[in-house]
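We number each residue from 1, following the sequence as shown. Both counts, for ligands and for their atoms, begin at 1 and track the order of listing.
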Amino acid sequence: MDNPWWHRSVVYQIYPRSFADANGDGMGDLRGIIQRLDHLAGLGVDVIWLSPICRSPQDDNGYDISDYQDIDPAFGSLADFDELLAGVHERGMRLIMDLVVNHSSDEHAWFAESRSGKDSPKRDWYWWRPARPGMEPGTPGAEPNNWGSVFGGSAWEYDPATGEYYLHIFSRKQPDLNWENPEVREAVYAMMNWWLDRGVDGFRMDVIDHISKDTSLPDGVVRPGSLYAEGGPHYMNGPRNHEFLHEMHERVFAGRATLLTVAEMPGVTIEEAARYTDPARREVDMVFGFEHVWVDRGPDPWVLYPLRLTKLKGILGRWQAGLADVGWNSLYWNNHDQPRVVSRYGDDSPEFRVRSAKMLGAVLHLHRGTPYIYQGEEIGMTNAPFASIADFRDIEALGHYAQAVEHEGHSSEDVLTVLRARGRDNARTPMQWDDSHQAGFTTGTPWLAVNPNHKEINAAAAVEDPDSVYHFYRRLIALRHDDPVVVYGDFTMLLPDDERLYAFTRRHGDTELLVVGNFSGERARADIPGAEAWSSAELVLTNAPARTGLDLEPWQVVIYRRRA
Ligand code: TEU
């Protein structure tokens, strides 16, 4: 079988709300994206992934869909979408949609019908349950189980009209669909086929390892200091998850040649990832694991830990090894849920921002797998200077703040410190196009404040400057397109115990690459085994004035190539 095209591809994620606003209402839209397509074509990316654009009350910025087959008026219309898709295809790129089907919006017609009465034909499309036995429905503690919602509070919402509760792992406006019901699955597959028939090239599947739950919905373990239990073990990667994704493959993907399917799976292990992405099992092409973006957190996601490079290398090295023979990795530092990587694992000070952003890009893109770039990463955008809770918009940040400050007794300043480092709004500040008012994102008032550093950090300046992060990313993408060792080479981690250097080799046929990145603000020498063999190798790319050999400047990365 030929290697699939997406092995050679780089994906670029657009968060439409924050990308480009064509109509001046302060929110990005499809016509804004159409106007900026040449930025992406110029970068050289192969695929665009659009975060949700379907009709939505926008409780979770579109991850709460009320009509899967229409565009939210705030983003435009189906006609705008068709024009965008054509523009993407004309430039030789592909487009994948965000598929959000673990839950719908509570304003979806399906849920309205389900909620209308216990004998509604769609009652069983969602997870309705009575109060805990012996408890008065609607009173504290009477929820069917003790799970907490990801966004704070109970995972159950009481519905007085029928005296029952519905499950929502995310917000109360995101009721979980019941995948046990075959009608639900058929409705989802029909909708997916409708989009593919319209011409889209695949899907990124939101929390798709949450669709099969332990149907007994048992109580979970409550962490000390928490009000609610972590339900994850009972709803992530559940007993029928593989079965459902295989069925989806059969009903939707089979026989369609050029698709890309990527499954977001917060709870996935390497072993499970190998199963989900084994082509012989016909489920999905790749998964987004979370271990490497949770490297700086503990069991409580809201406690900060410093990055330990050895731990990060341990995780990514195990994923490389675990999917070396069967399956395929996705590679990402950033998306709309993660803080900006240059602020998180790099150094966003004026002295080292550009250099560390390039180093991080090179280390990621030279792993084996398909790299994802999140809008703004290619110009080294940073976390935002949020002054107070009033500056945040994200439902997760606001929900966590309310729970931690109002119900769990934490100080406001402590919670803000964590939110500044970890809050999702860091990724969601508007794309910085130029140094003008509102960074060229909108002529109106943006829904979330533009980062004041757009005066220096913006796409126009980056495209002008041959030494920018943008042109470095462009070269990384070109390197993948030009040299099969980047795509197919095997992966060997070096210096696993070094807390400053990230070093590995890739080998394909007679070509070998050596990549060494310095994750520190100090000079460091890479004492790798067989270092002398690299002394005459070609320096393919670096981000600092080249020094000799394997002595690295602060935050420097070197990529060497040699042929046997
Ligand atoms: O994210 C799922 C997910 O794992 C997040 O809840 C993550 O744990 C959290 O944001 C870390 O801070 C997906 C989407 O990417 C996210 O934007 C949605 O809010 C969520 O699903 C619900 O649809």
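- Within the 4.0 Å cut-off (strictly below), a protein heavy atom is located near atom 14 (C) of ligand 1.
- Of all protein heavy atoms, the one lying nearest to atom 6 (O) of ligand 1 is Phe170 CE2, 3.4 Å.
- Close approach of ligand 1 to Phe290 is summarised as follows: ligand atoms under 4.0 Å from at least one heavy atom of the residue are 4 (O).
- Among Ile379, Asp21, Val450, Ile14, the single residue meeting the side chain to side chain contact (heavy atoms under 4.5 Å, CB included) criterion with Met431 is Ile379.
- For atom 9 (C) of ligand 1, the closest non-hydrogen atom on the protein side is Glu396 OE2, 3.2 Å.
- The two residues Asn329 and Arg368 have their closest heavy-atom pair at CB-O, 3.5 Å.
- With ring centers used as reference points, Phe519 lies 6.0 Å or more from Tyr345.
- Atom CZ of Arg123 has more than 12 neighbouring heavy atoms from other residues, nucleotides or ligands inside a 6.0 Å radius.
- The nearest protein atom to atom 2 (C) of ligand 1, hydrogens excluded, is given as Val207 CG1, 3.2 Å; this is a heavy-atom distance.
- In this pair, Trp128 and Tyr166 present their aromatic rings perpendicular. The plane angle is above 60°, beyond the 30 to 60° band.
- In terms of protein heavy atoms, atom 8 (O) of ligand 1 is closest to Trp294 CZ2, 4.3 Å.
- The protein heavy-atom contact nearest to atom 10 (O) of ligand 1 is Arg424 NH1, 3.0 Å.
- Given atom 19 (O) of ligand 1, the protein heavy atom at minimum distance is Asp60 OD2, 2.5 Å.
- At a heavy-atom distance under 4.0 Å, no atom of Phe288 approaches ligand 1.
- Judged by the shortest distance from any of its heavy atoms, Arg428 lies inside the 4.0 Å radius around the atoms of ligand 1.
- Ligand 1 is approached by His103 to a heavy-atom distance shorter than 4.0 Å.
- With a 4.0 Å heavy-atom cut-off, ligand 1 is reached by no atom of Gln338.
- Taking the six-membered ring for Trp and the full ring otherwise, the centers of Tyr126 and Phe111 sit less than 6.0 Å from each other.
- Under the 4.5 Å side-chain criterion, counting only non-hydrogen atoms from C-beta, Met286 is not in contact with Leu331.
- When each atom of ligand 1 is checked for a heavy atom of Asp337 under 4.0 Å away, the hits are 1 (O), 10 (O), 13 (C), 14 (C), 15 (O), 16 (C), 17 (O).
- In this structure, Arg204 counts as a contact residue of ligand 1, since one of its heavy atoms falls inside 4.0 Å of the ligand.
- When all heavy atoms of Asp348 and Thr382 are compared, the pair lying nearest together is CB-CG2, 3.8 Å.
- Taking the six-membered ring for Trp, Trp6 and Tyr372 have ring centres at least 6.0 Å apart.
- Under a 4.0 Å N-O distance rule, the pair Arg318/Glu291 qualifies as a salt bridge.
- For atom 21 (O) of ligand 1, the candidate residues are Asp206, Asn61, Asp98; the nearest heavy-atom contact is made by Asp206.
- Ring geometry for His365 versus Tyr473: interplanar angle over 60°, hence perpendicular rather than tilted (30 to 60°).
- The distance between the ring centers of Trp156 and His168 does not fall below 6.0 angstrom.
- Near Val150, meaning under 4.0 Å from any of its heavy atoms, are these atoms of ligand 1: 6 (O).
- Against a heavy-atom cut-off of under 4.0 Å, His336 is close to the following atoms of ligand 1: 14 (C), 15 (O), 16 (C), 17 (O).
- For ligand 1, the atoms sitting less than 4.0 Å from at least one non-hydrogen atom of Phe151 are 19 (O), numbered in the order shown with element in parentheses.
- Within ligand 1, counting atoms from 1 as listed, the ones closer than 4.0 Å to a heavy atom of Pro266 are 4 (O).
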